[in-house]
Amino acid sequence: MSINELLRELREDKIHGASWYFLEGIDIVRTALENGLSTNDIRVLLNELRIVRPGMASILNLADIIEHALNTGLDLGNVISKLRTWYDSTLERLKKQLDKFPVMCGSRAITISYSSAVRTALSRWGKCFEILYVMESKPGDEVSQAVKDYSSHVGNVIPIPDSAIAFFMRNANYVISGADGLYSDGYFLNKIGTETLFIIAHRFDVNTVVISESYKAAAGGVGDVYSIDVNIAGLSTRTPLFDKVPLDLIDYLVTDYGIIKKPKPEDIENLRELFINNILNPSE
């Protein structure tokens, strides 16, 4: 596929989350390097990547790392290779941390949207869940893929309407979610509806757990997030696809570098620093 075709695939995607975009972004930059694009052309490409999904930290981090490599004369091929190695090793580290989390067997959980991080968590925790409720997650078409993939790990996966979460929360033990970005300004970004889910979880004293890889940790915050026009009853409404969910709604943040109880902004800064330093350290 050409670079333009790869970018179009990212723009038109309606299912995948930040991990998939991170991996696809790495492949796009590798393709650009293999095709002999100039430094200036690669910078233009990075700007294209940044606006594919505004606010998605994995893409922003990737673009910032590649730009830093260009500005400082680092071997771009080596940086791309380290990014891909980091992506692969992150998964194994995350599994080890998930295995340390004391999930109560026979419990019930609610999740939203589709997340590869949640899928990884369910591969370790799924046998302990009696039922996993999956929010319909409108707007979007993620629920079918979520039910299909999550059913490989949980015996009883039940899709529920977004409007019914308070009803099902009364019998839940956990709310679990992935994240499209962790921001040191004091929130995480995830599919619209996540903040409502977490607020209701706290109303009913249900444990909230966010699973996120280190490459989703970002300094500062984001402005506008990606929005689409949603048609309801013949009328169109401009709707954001992501919520900015305050960190204080998270009881446990499970990352590839450890489990953080009640995460704070400085925890996000430290996580990002670990990731960036491992990629850009020229001695490795």
Side-chain angles (χ1 to χ4, degrees), residues 13-24 58 87-138 140-162 164-165 167-182 188 190-191 193-194 197-198 200-201 204 206-216 245 250-261:
D13 178 77
K14 295 181 179 180
I15 294 176
H16 297 95
S19 297
W20 181 81
Y21 277 85
F22 184 69
L23 183 58
E24 292 297 303
S58 59
Y87 176 88
D88 293 334
S89 63
T90 294
L91 180 60
E92 295 310 309
R93 290 195 309 273
L94 182 61
K95 288 177 180 177
K96 291 178 181 178
Q97 297 301 326
L98 289 166
D99 289 342
K100 296 177 182 179
F101 190 84
V103 175
M104 180 177 66
C105 283
S107 56
R108 299 182 177 193
I110 301 178
T111 191
I112 182 171
S113 189
Y114 179 81
S115 164
S116 62
V118 169
R119 183 188 64 207
T120 300
L122 294 175
S123 73
R124 324 305 286 185
W125 302 345
K127 291 181 180 179
C128 277
F129 289 144
E130 177 184 284
I131 296 174
L132 175 68
Y133 298 110
V134 182
M135 290 171 60
E136 192 177 9
S137 306
K138 293 294 184 181
D141 304 316
E142 305 100 319
V143 67
S144 297
Q145 187 68 45
V147 169
K148 178 182 176 182
D149 281 14
Y150 297 167
S151 293
S152 300
H153 307 296
V154 182
N156 195 7
V157 177
I158 300 175
I160 62 172
D162 293 344
I165 53 176
F167 174 82
F168 289 98
M169 193 69 71
R170 289 174 170 85
N171 296 312
N173 306 99
Y174 299 99
V175 160
I176 57 176
S177 171
D180 286 299
L182 305 168
F188 75 99
N190 202 55
K191 177 69 183 286
T194 304
L197 175 63
F198 274 58
I200 294 174
F204 289 98
V206 173
N207 285 310
T208 56
V209 185
V210 172
I211 303 106
S212 178
E213 302 88 342
S214 53
Y215 53 76
K216 297 176 185 175
V245 187
I250 304 175
D251 292 321
Y252 299 95
L253 174 61
V254 183
T255 78
D256 47 302
Y257 268 107
I259 299 170
I260 305 169
K261 189 173 182 178

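Computation of the quantities below employed the complete heavy-atom set of this structure, encompassing side-chain atoms and omitting hydrogens, waters and symmetry-equivalent molecules.
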For Ile110 and Phe168: C-alpha separation, side-chain torsions, deciding distance, then whether side chain to side chain contact (heavy atoms under 4.5 Å, CB included) applies.
CA-CA 8 Å; Ile110 301 178; Phe168 289 98; 4.2 Å; yes
Grab the two heavy atoms, one from [X] and one from [Y], that are nearest each other, plus how far apart they are.
{"X": "Gly178", "Y": "Phe188", "value": "O-CE1, 3.9 Å"}
{"X": "Gly193", "Y": "Ile112", "value": "C-CD1, 3.5 Å"}
{"X": "Gln97", "Y": "Thr255", "value": "CG-O, 3.1 Å"}

Straight-line distance of [X] [atom1] to [Y] [atom2], nearest 0.5 Å:
{"X": "Ser151", "Y": "Asn156", "atom1": "OG", "atom2": "CG", "value": "8.5 Å"}
{"X": "Asp251", "Y": "Lys261", "atom1": "CG", "atom2": "NZ", "value": "8.0 Å"}
{"X": "Leu253", "Y": "Ile211", "atom1": "CG", "atom2": "CD1", "value": "9.0 Å"}
{"X": "Thr111", "Y": "Tyr133", "atom1": "OG1", "atom2": "OH", "value": "14.0 Å"}
{"X": "Thr208", "Y": "Ile250", "atom1": "OG1", "atom2": "CD1", "value": "7.0 Å"}
{"X": "Ile259", "Y": "Phe101", "atom1": "CD1", "atom2": "CZ", "value": "6.5 Å"}

Given 3.5 Å as the limit, does a donor-acceptor pair link the side chain of [X] with the main chain of [Y], or not?
{"X": "Asp256", "Y": "Ser214", "answer": "yes"}
{"X": "Trp125", "Y": "Thr120", "answer": "no"}
{"X": "Lys216", "Y": "Ala18", "answer": "no"}
{"X": "Asn207", "Y": "Tyr174", "answer": "no"}

Could you tell me whether Glu213 and Arg93 make a salt bridge, using a distance below 4.0 angstrom between a side-chain N and a carboxylate O?
no
Between Asp99 and Arg124, is there a salt bridge with N-O shorter than 4.0 Å?
yes
Who passes side-chain hydrogen bond (donor to acceptor under 3.5 Å, both in side chains) against Thr194, sequence neighbours left out?
Asn190
Contacts of [X] that satisfy ring-ring contact (aromatic ring centres under 6.0 Å, His included) - sequence neighbours left out:
{"X": "Phe129", "answer": "none"}
{"X": "Phe22", "answer": "Tyr215"}
{"X": "Tyr150", "answer": "Tyr114"}
{"X": "Tyr257", "answer": "none"}

Test side-chain hydrogen bond (donor to acceptor under 3.5 Å, both in side chains) applied to Ser137 and Glu142, step by step
CA-CA 7 Å; Ser137 306; Glu142 305 100 319; 5.1 Å; no
Which residue pairs pass the salt bridge (charged side-chain N to carboxylate O under 4.0 Å, His left out) test when at least one of the two sits in residues 107-120, sequence neighbours left out?
Arg108-Glu130, Arg119-Asp149
Between Ile165 and Met135, is there a side-chain heavy-atom distance shorter than 4.5 Å?
yes
Check step by step if side chain to side chain contact (heavy atoms under 4.5 Å, CB included) holds for Met169 and Val206.
CA-CA 8 Å; Met169 193 69 71; Val206 173; 3.8 Å; yes
Take atom NZ of Lys96 as the centre, draw a 6.0 Å sphere, and report whether it contains more than 12 heavy atoms from other residues, nucleotides or ligands.
no
CA sep, side-chain torsions, deciding dist, call: Val209, Val175, side chain to side chain contact (heavy atoms under 4.5 Å, CB included):
CA-CA 6 Å; Val209 185; Val175 160; over 6 Å; no
Applying side chain to side chain contact (heavy atoms under 4.5 Å, CB included), run through Lys148 and Val157 and close with a yes or a no.
CA-CA 9 Å; Lys148 178 182 176 182; Val157 177; over 6 Å; no
